[in-house]
Amino acid sequence: MRGDTQRPMLAGSNTTIGVIATDAVLTKSRACRLATVGHDGLAREINPLHTLSDGDALFALGTGASGATLGMMTLCVMAAEVCTLAVVRAIRAAQGVTLGAAYLPAAGDLG
């Protein structure tokens, strides 16, 4: 934003992969839509998202165990919300990593 020169990023170094699973009955096209809407939840917490050097991907599935087909509006809102919560939980659960002499802190290490 200040016009600083970008630092190169390693391909795949910021990839986020996840699954949205429900016990609702889903068609293939509705599962595809849930996966698409789930990316909205990722974008609420991850910035930037979908850069040229990552491979962000979400998959969705419905087991059909409930025997019900919920409204797509409800499922889509829930899909985006659970993706947001999953990112927050992952950030809170992360631990710092030591690589040789370098220490890469997690969010919790930063105080």
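The structure displayed is predicted, hence computed values, not measured ones.
Side-chain contact between Val97 and Tyr103: absent, with no pair of heavy atoms (C-beta onward) separated by less than 4.5 Å. Counting heavy atoms from C-beta outward, Thr15 and Ile17 have side chains that approach closer than 4.5 Å.
Leu110 CG: more than 12 foreign heavy atoms inside a 6.0 Å radius.
Across Ala60 and Ala35, no two heavy atoms sit closer than the pair CB-N, 3.8 Å. Considering all non-hydrogen atoms of both residues, Ala94 and Ala106 come closest at O-CB, 3.5 Å. For the pair Cys76 and Val37, the tightest heavy-atom approach, listed with the atom from each and the gap, is O-CG1, 3.3 Å. When all heavy atoms of Ser66 and Ala24 are compared, the pair lying nearest together is OG-CA, 3.6 Å.
Criterion: ILVMFWY side-chain heavy atoms under 4.5 Å apart, direct or through other members. Under it, Val82 and Phe59 are not part of a common hydrophobic cluster. Hydrophobic clustering of Ile, Leu, Val, Met, Phe, Trp and Tyr side chains at less than 4.5 Å, counting indirect connections, keeps Ile46 apart from Val19. Follow the hydrophobic side-chain contacts under 4.5 Å out from Leu49 and you reach Ile20 in the same cluster.
Every pair tested for salt bridge (charged side-chain N to carboxylate O under 4.0 Å, His left out) that includes a residue from residues 18-39 fails, sequence neighbours excluded, so the list is empty.
Here the CG-NE2 distance, from Leu58 to His39, works out to 4.0 Å after rounding to the nearest 0.5 Å.
Clustering of Ile, Leu, Val, Met, Phe, Trp and Tyr by side-chain heavy atoms under 4.5 Å joins Met72 with Leu26, Leu34, Leu70, Leu75.
Residues meeting the salt bridge (charged side-chain N to carboxylate O under 4.0 Å, His left out) test with Glu81, sequence neighbours left out: Arg44.
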